[in-house]
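I have placed the structure first, in the form of structure tokens, so that the comments after it can refer back to it.
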Amino acid sequence: SCTTGVDLCMPLAALEGNEHGPKVAFLDIEGMGDKKKSYEIKLATPVLLTSKVVVYNLLSNRPEKESILSALQILVNAANALAQRSFKSNAFGHLHVVLRGCLGTDDEAQGIIFGKEDEDNLPDDAADDDVEAMGRRNKIRSAIKLAFESVKVWSLPELAKGASGPVFNSEYTQKVEAMKRDMHVQLAEPKYFANRALTGDALALLMPNLAAALDTDDPALNPPSIMDAVNMKQAEVVMMDICDGASDQFESIAMPQPEEVIGTELTGMLDGLLDQFNRYCAEKSIPEAITTEVRAHLHSSLLNTTNGIAERNAALLTQFEQDFKAAVEPIYEDATQQIKNIKLGQDAATFAEATGKIEKKVARQVEALMSEHTRPTWDPQEATEELRAQLQAGLKARSSRQEAKNNEQLAVKARQAAEERAAQQERRRQEAEARAKQQELRRQEAERQAREERQRQEEEHRRLLKAEQEKTRLAEERAREARRQAAASASYSYGGGGYGGGGGGGSGGGGGGGKF
């Protein structure tokens, strides 16, 4: 049956002599030349970009350069899908053109198919079509040599037909063994894509990106850009795997613990996970820029987790302390009651023995409570010191019941007074805070009013200044007008002064006469 699309032969095979090394995948791609060009490019380009060895099978009893190079045009079309010429150099692996049933040697076939034809020494009567065909063939040769790491032609002799099928003679098998040896050497090195060695997981991430980039009738592949996306995705997958694995590690931490202990443990785990991420990225040759970017996200995620654990540990510590206090308080209360119930009036030794038994009992009870927790934060000795202090206070009351009651009442009053003082202090503190807040509000209000007053004064100053300027301007205008009128009056006086002067004199004379 004929292959449609691309078939992957399973399982993957190991190289001879290197069973534990990288596996080799055998791909079979459908025949080319009878489908739409864009379809063949989309089909062939991903395979060519990711294959270390490419075997191109042709049936040919003699190496016909025109037909063979025309058939190999699909390889050139695939190389042309790359956006830049620099991307095309050694973009594909090692090409092996296998001519089945071909007469002649490998070197002869190599020279005929891939030897450059001399376009400069054509006969003068060469037809234009021949010249054009020669140039086209040379372009195909150059493009294929540029795109592939190496190009080799193999002439396989025709198999003789036997009764039960083809007969594999020694010449045929020797040629196949030689092909295998060449390919074995070539497959010892990985296929590179954008300077990145392709591994199984990298291929799994690369193929969808190639398919997306080729999803057009005129693709222009940018291998570095595509590989950056693959590297980013691979680093993100590693980050997610580490985060998933870290969850189990973090959950295994015993809590509660002292804050400095759990802090050291969490820091060590965080550093170890980041080192694990760095090692993996280095092994996969993921660029440092991408490693740094994804590591920052990983560090942030892990830091959030460790902070959450630290907070949970702190809450458990607080709860443990509260539970411990709640468990110890009844012990103290019971011991206090037992001390109160000791018969008074006994000698000191007997009284001390009785109180000593109570003290030891309390110590055992406290130690039992502490032993229930794997990482206690309370010291039994500190707890028993408080109890012994209470017992010493009880010893002072052994002289008489009245003194004990009095001491008890004094202690109650002192405790109540202390609580009242504490309450008063708390109230005063709260009142002080309230006053401080009120003062702050008044200060802020005063500042606001001061600002508004300053603004008002400034505006008033500007208004007065403007009014003064206007007043000055009006005064100047009046002065100018007065000067103008004075000048006009002076001019008038100069023209009719005799009349006006005489009248004045007459008026003066008349005034004088009236006086007599």
Rounded to the nearest 0.5 Å, what separation is found between the [atom1] atom of [X] and the [atom2] atom of [Y]?
| X | Y | atom1 | atom2 | answer |
| --- | --- | --- | --- | --- |
| Leu99 | Leu59 | CG | CG | 9.5 Å |
| Leu298 | Met239 | CG | CE | 6.5 Å |
| Leu273 | Arg295 | CG | CZ | 13.5 Å |
| Glu265 | Asn313 | CD | CG | 9.5 Å |
| Gln186 | Lys152 | CD | NZ | 10.5 Å |
| Phe250 | Leu270 | CZ | CG | 6.5 Å |

Do side-chain atoms of [X] reach the backbone of [Y] as a donor and acceptor pair under 3.5 angstrom?
| X | Y | value |
| --- | --- | --- |
| Glu108 | Thr105 | yes |
| Lys175 | Ser155 | yes |
| Lys191 | Leu49 | yes |
| Ser51 | Val53 | no |
| Ser252 | Gln249 | yes |
| Ser301 | His297 | no |
| Asn80 | Val76 | yes |
| Arg141 | Gly115 | yes |

Validation row: [X], [Y] side chains within 4.5 angstrom (heavy atoms):
| X | Y | value |
| --- | --- | --- |
| Val97 | Leu58 | yes |
| Ile309 | Leu266 | yes |
| Asp118 | Met134 | no |
| Val294 | Met232 | yes |
| Leu72 | Phe114 | yes |

The test is salt bridge (charged side-chain N to carboxylate O under 4.0 Å, His left out); show your working for Glu40 and Lys42 and say whether it passes. CA-CA 5 Å; Glu40 292 182 341; Lys42 293 177 183 178; over 6 Å; no
Could I get the full list of side chain to side chain donor-acceptor pair (under 3.5 Å) partners for Gln110, not counting sequence neighbours? none
Is it true that [X] and [Y] have a side-chain N and a carboxylate O under 4.0 angstrom from each other?
| X | Y | answer |
| --- | --- | --- |
| Lys52 | Glu149 | yes |
| Lys437 | Glu440 | no |
| Glu117 | Arg137 | yes |
| Arg443 | Glu447 | yes |
| Arg429 | Glu431 | no |
| Arg456 | Glu459 | no |

Ignoring hydrogens and geometry beyond distance, is a side-chain donor-acceptor pair present between Ser247 and Glu251 at under 3.5 Å? no
With distance as the sole criterion, is a donor-acceptor pair present between the side chains of His94 and Glu189 under 3.5 Å? no
Least distance between heavy atoms, [X] atom then [Y] atom:
| X | Y | value |
| --- | --- | --- |
| Leu48 | Ala78 | CD1-CB, 3.5 Å |
| Leu43 | Pro46 | O-CD, 3.8 Å |
| Cys243 | Leu302 | SG-CD2, 4.5 Å |
| Val151 | Ile144 | CG2-CG2, 3.9 Å |
| Asp182 | His96 | CB-CE1, 4.3 Å |
| Thr291 | Phe277 | O-CE2, 3.5 Å |

Sorted by chain and residue number, the salt bridge (Lys or Arg N to Asp or Glu O under 4.0 Å) partners of Arg442 (sequence neighbours excluded) come out as none
Is the number of heavy atoms from other residues, nucleotides or ligands under 6.0 Å of Glu132 CD greater than 12? no
Residue pairs, two or more places apart or on separate chains, that pass ring-ring contact (aromatic ring centres under 6.0 Å, His included) and touch residues 168-197: Phe168-Tyr172
